[in-house]
Amino acid sequence: MNKFDLEWINLTSGVNVRKCMRCGKCSATCPSYDEMEYHPHQFVYMVEKGNIEPLLGSDSLYKCLTCFACVERCPRGVEPAKVVEAVRLAAVRKQGGNHLTPDQIPAMLDDDLPQQAIVTAFRKYTK
Amino acid sequence: MQVNNDFQPVIVAFCCNWCSYAGADLSGTNRLNYPANVKIIRVPCSCRVNPMFILRAFQKGADGVIICGCHPGDCHYTSGNYYTRRRITLLYSMLDFLGIERNRTRLEWVSAAEGAKFAAVMNSFVDEVKKLGPNRRLEDLRCRKQ
Amino acid sequence: MQRIGVFVCHCGTNIAATVDVKAVAEALSHEPGVVISQDYQYMCSESGQDLVKNAIKEHKLTGVVVCSCSPRMHENTFRKAAASVGLNPYLVEIANIREQCSWIHKDIASATDKAVILGKAAVAKVHLNAPLTAGESPVVKRALVIGGGIAGIQTALDIAEAGFDVDIVEKEPTIGGKMAQIDKTFPTLDCAACILTPKMVEAAQNEHITIHSFSEVSDVKGFVGNFTVTIKKKARYVDETKCTGCGLCTEKCPMKKVPNEFNMGLDNRTAVYIPFAQAVPKVATIDPNYCMMLKNGKCGICSKVCSVGAIDYKQTDRFIEQKYGAIVVATGFNPIKPDKYNEFAYSICPDVVTSLELERLMNAAGPNGGTLLRPSDKTHPHTIVFVQCVGSRCDDEKGKPYCSKICCMYTAKHAMLIREKYPDTEVYVFYIDVRTPGKNFDEFYRRAVEQYGVHYIKGMVGKVMPRSDGKIDVQASDLLSNEQLHINADMVVLATAIEPDKTARPLATMLTTQMDTNDFFTEAHPKLRPVESATAGIILSGACQGPKDIPETVAQASAAAAKAIGLLVKNSITCNPCVAHSDELMCNGCSSCEKVCPYGAITYQDKEFRMPDRTTAVRRVASVNPAVCQGCGACTVACPSGAMDLNGFSNSQIMAEVDAICK
Amino acid sequence: MQEAMIKRAKELLADGTVNRVMGWKKGEFAYDITPAVFDTAEELEQDFVCDDLTQANVSKYLIKESRKEGRILAFLKPCDTYSFNQLIKEHRIIRENVYVIGIPGGPKIDVEKIKAKGITGILSVKNEDYTLKIETIYGTETMPFYEAISGKCESCKSKKHVVYDELMGEEGDVLDSNRFDMVEKLENMTAQERYDFWRGELSKCIRCNACRNVCPACTCESCVFDNPASGISQKAAADSFEENMFHIIRAFHVAGRCTDCGECSRVCPQNIPLHLLNRKFIKDINSLYGEYQAGADTTSRAPLTDYKADDCEPSVVHERGAE
């Protein structure tokens, strides 16, 4: 996992994973625990250690119900659900890789094509 | 050496001996940074700070003056900071009335346990004063440097 | 002409790493009046002090500036050094270039600049320092102990042992505090009552100790050696001098449905009550919130049955005033109420209890006579889950950010006692960390695991769900096996955080002592003066200063007593000579200063003055009593004519500092 | 009224109640009415003046006068009684040595306002049915009375005497005055505008000390500005800072003690509206710490020597209105 992604996850989640004191209350409270390969406390721990690759490929990302029980009960205010969400976004945004790059665009341009359509297309393709 | 053209304000901080000076010490003990622009003068109680001292600081070239004392109710001398609060509120209001930038003056309550607060207050105050630039409205031209 | 010596300390690398001390010494050597400017590795060391002393003698110094750590650390050291070679100690000034310079700045250039400026300010100030002589004020040979728990009792016993009178003020009807509620003590498992109650009796019988139970401190005036304290003796509607503690009234009282606070509300008491059998003083108290006689004038049974006529429904709060030389604060702690944590179901399930409640449930004098039964159906619990760190180490508003220190050990004790007495009971302890620093502490915890088979599980309980069949589903995580557990429990015990007593905050205000953000009293120095507050004459004992177990509390209580005795044996104490004084020639006698003086140190007298035209005029002028003045300086600013000034922090000294900093 | 006052003063001198009378007489010019002490009935008959031009507050003079042998009669207008009371509170005047007769107050006429109309060489001023008849060396001029009302009377705060031994004329009431209007107007300006306004005013200061010397609250035995040890003593305002500082410190020293008698602005030869500084403090005190009128009584604690645990924080200054 590269450093950029790690920083990106910390930034988008707004969570300081270093506040975790490893009490496991997040996992103790998680209703989806049994469905998950990686549990909430592991998300926090692995993100802190920079070990994100396994998380990105794990189904656990989609088992989180975002019920926020862990956020509510974490005694240190770490907010694990936000970490899971950030990793999920990191995975989602990577998928497909169907972004247009600026140098691909001139060839596609057409004088009759309205400006708005180009912008809309950008939006569509970058998903 | 690199020449730093950034404006470096002179900040005078009056700190009461029992709370804020100890709070400043604690921020040092905890290695919490704040700019070197802040120079602390120890007074027994915030109520020792005479408005004359504040004006004197501005006269001699200070760009900001901050007074720190015990939290209301926690004064080592029971009531000193309550008097401070009234005096300094009125004085700051008067300076504001004369058109002196109100962000050059501040009063904060910092306890002996609030080292982190002391550093945070000083950081934000130095930022405020830097934004205002040099004190020109209440300076003595004869005391201007250079 | 002033002859000033400047001494710049390296403090090892504490200062020298970020401040160029040689440059500071060099820069300050050019200041007016400075005749010698030196730097040294450790100025506070013996040889460092000798350096200062020799310089004073050799250069006939009239003022000394030490650029070193905070004056709160070593001002006294250098003042004493100066005095030992004949220089008035108040001619020494400290420039704080460690706590307020080298430790907060990283850039050597700017830190050095700042250190020079701080040094210049100190030199400018010392130019205007005047030699001061400290006066003396007498010490009242009596101590006050606020709080009658084990800390207060121990402190009072030790002070009394030294032969001084000591008063205990306790807000409850009996002394004893939290320890009286505890069943057994760790790590020895001896009975708390067996070791506490003899001390309570000893305190009651000691001729030097006066116990004011059911009383509160309502006002504190004065200063070290001479405090005047007003004690409110709350109306207990029973004449303490007559009541024999026979307990007949408590048997006959018809109002029997009052929650018993001594048993944590787990059973009931009567409206007239004695908290527990070994209460000291053993005197009944009527609870006005429940007594029918006091509420609507109907009943009066207790008065009829009392053979000594001790019941007095007309009693009112009384106030007594007493002078003390020293005050010891021993206000103790309380467990927090865990009702804000919905996940632990404390407020909806009677079988979820706090640890202190468990103490009462297991106590022979408790609601079940010592048999551990579930509060809900009085059945024997077969599975008990302990939850650690409830409200401790919490970053949110529901709990406390600190470790409550005692929970790990008392939980091990509870688990062990339960397994000992009821071997058929399974005990689970969910922990984040097990903290057992202390003599025989870790051995004790290991015994709970190894000999008693207590299941310690690394992880936290996430949810406690009472079920309709009376069982409790405890959902928790086991971090080491990485699984989520569901335990079918009969009882859940919460190790709740402890917090300072609610009376501590207003008391701190009265005593003008400092508290930290958690309302624990702040000690004068975290390492070197851990039992004194920063306010002279106010001494701290027990858990009011921070979480403590019983041996630590007793140790600190005795230390507090030593500090109090050290004060009381003196006939007089040296006053702070940095007091206010008024220039009679300028004083208008307007009384502004008198109004702001918190100590009543300022009085007025009519004095005759020779006028320039050779007539005499009588004017009203202020004078300050230096033994009473504490040197706050409020008067100096209230004075419009500038007649009032403060020794050691005079107008001209502070302005000289301002000038030096702004130059 | 003047005749009645002279008559009563003569009676009190004659029966020994007092041995001196504090009043006013004509100064260098006829319109310059100046405080004066009269020892005899003859002097009173000859020089005693109390007319529409008599503005001076005599209470400050009573500090010295009340310490002399015997008892002095003082005629005090309503506004003067506040100053008098404040000085009693501060133990400056010995009350027993003063016999106070309350006299009706203004509105008084400010001769400067007549001069401002271009009328010079004034010999006398008479109020005839709210028209001023002004005799000058160049002839007689007239102007409406209300156009010449003195500044301090325009925003009169009270027509009630707060202290007296006897009263001449009818007792009035405490008024709802408009005295804070100008302060408010300034408060609503931007900081730059306020700064420019005060620079414009205070730069006129010539440090004649008239404001200080006339002020019944500035009664120090020795003023800080005259005390070389105070660190702020100066004889002349050499720099804009000193102009500011003198007036800030002076206003601060009288804050909570100033009765708003308006003498400072009346005597200022440069016509600096100094009373606005004092009124700013009074307005702040009233709004932040509760209504307080210095001199209204002799027992209450002044706002700056008093406090409440829940007083506002100085941040109110930072949070209010225009920067």
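Convention: sequence-line order gives letters A, B, ...; per-chain numbering from 1.
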- prompt: Okay, side chain of His253(D), backbone of Pro640(C): is any donor-acceptor separation there less than 3.5 Å?
  reply: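 Such a contact is found between His253(D) side chain and Pro640(C) backbone.
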
- prompt: Checking Arg301(D) side chain against Lys595(C) main chain: does a donor-acceptor pair fall under 3.5 Å?
  reply: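 Indeed, once roles are kept as given, a pair shorter than 3.5 Å links the two residues.
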
- prompt: Looking at Leu304(D) and Val596(C), what are the two nearest heavy atoms and their distance?
  reply: O-CG1, 4.3 Å

query: Which pair of heavy atoms, one from Met586(C) and one from Glu221(D), lies closest together, and at what distance?
result: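 Between these two residues, the closest heavy atoms are O-CB, 3.9 Å.
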
- prompt: In terms of heavy-atom contacts, does NZ of Lys25(D) have more than 12 from other residues, nucleotides or ligands at under 6.0 Å?
  reply: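 No.
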
task: State whether the number of non-hydrogen atoms from other residues, nucleotides or ligands found under 6.0 Å of Lys221(C) atom NZ is greater than 12.
output: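 Not more than 12 within 6.0 Å, no.
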
task: Show your working on side chain to side chain contact (heavy atoms under 4.5 Å, CB included) between His91(D) and Ser591(C) and close with a plain yes or no.
output: CA-CA 8 Å; His91(D) 309 277; Ser591(C) 281; 3.3 Å; yes

- prompt: Got a second to check how far Asn227(D)'s CG is from Asn651(C)'s CG, nearest 0.5 Å?
  reply: 9.5 Å

Under 4.5 Å from a heavy atom of chain D, the part of Met655(C) involved: side chain

- prompt: So what's closer than 4.5 Å to chain D heavy atoms on Cys593(C): side chain, backbone, both or neither?
  reply: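 It is neither, since no heavy atom gets under 4.5 Å.
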
query: Going through the distances and angles, do Glu90(D) and Asn588(C) end up as a side chain to side chain contact (heavy atoms under 4.5 Å, CB included)?
result: CA-CA 8 Å; Glu90(D) 294 176 6; Asn588(C) 306 326; over 6 Å; no

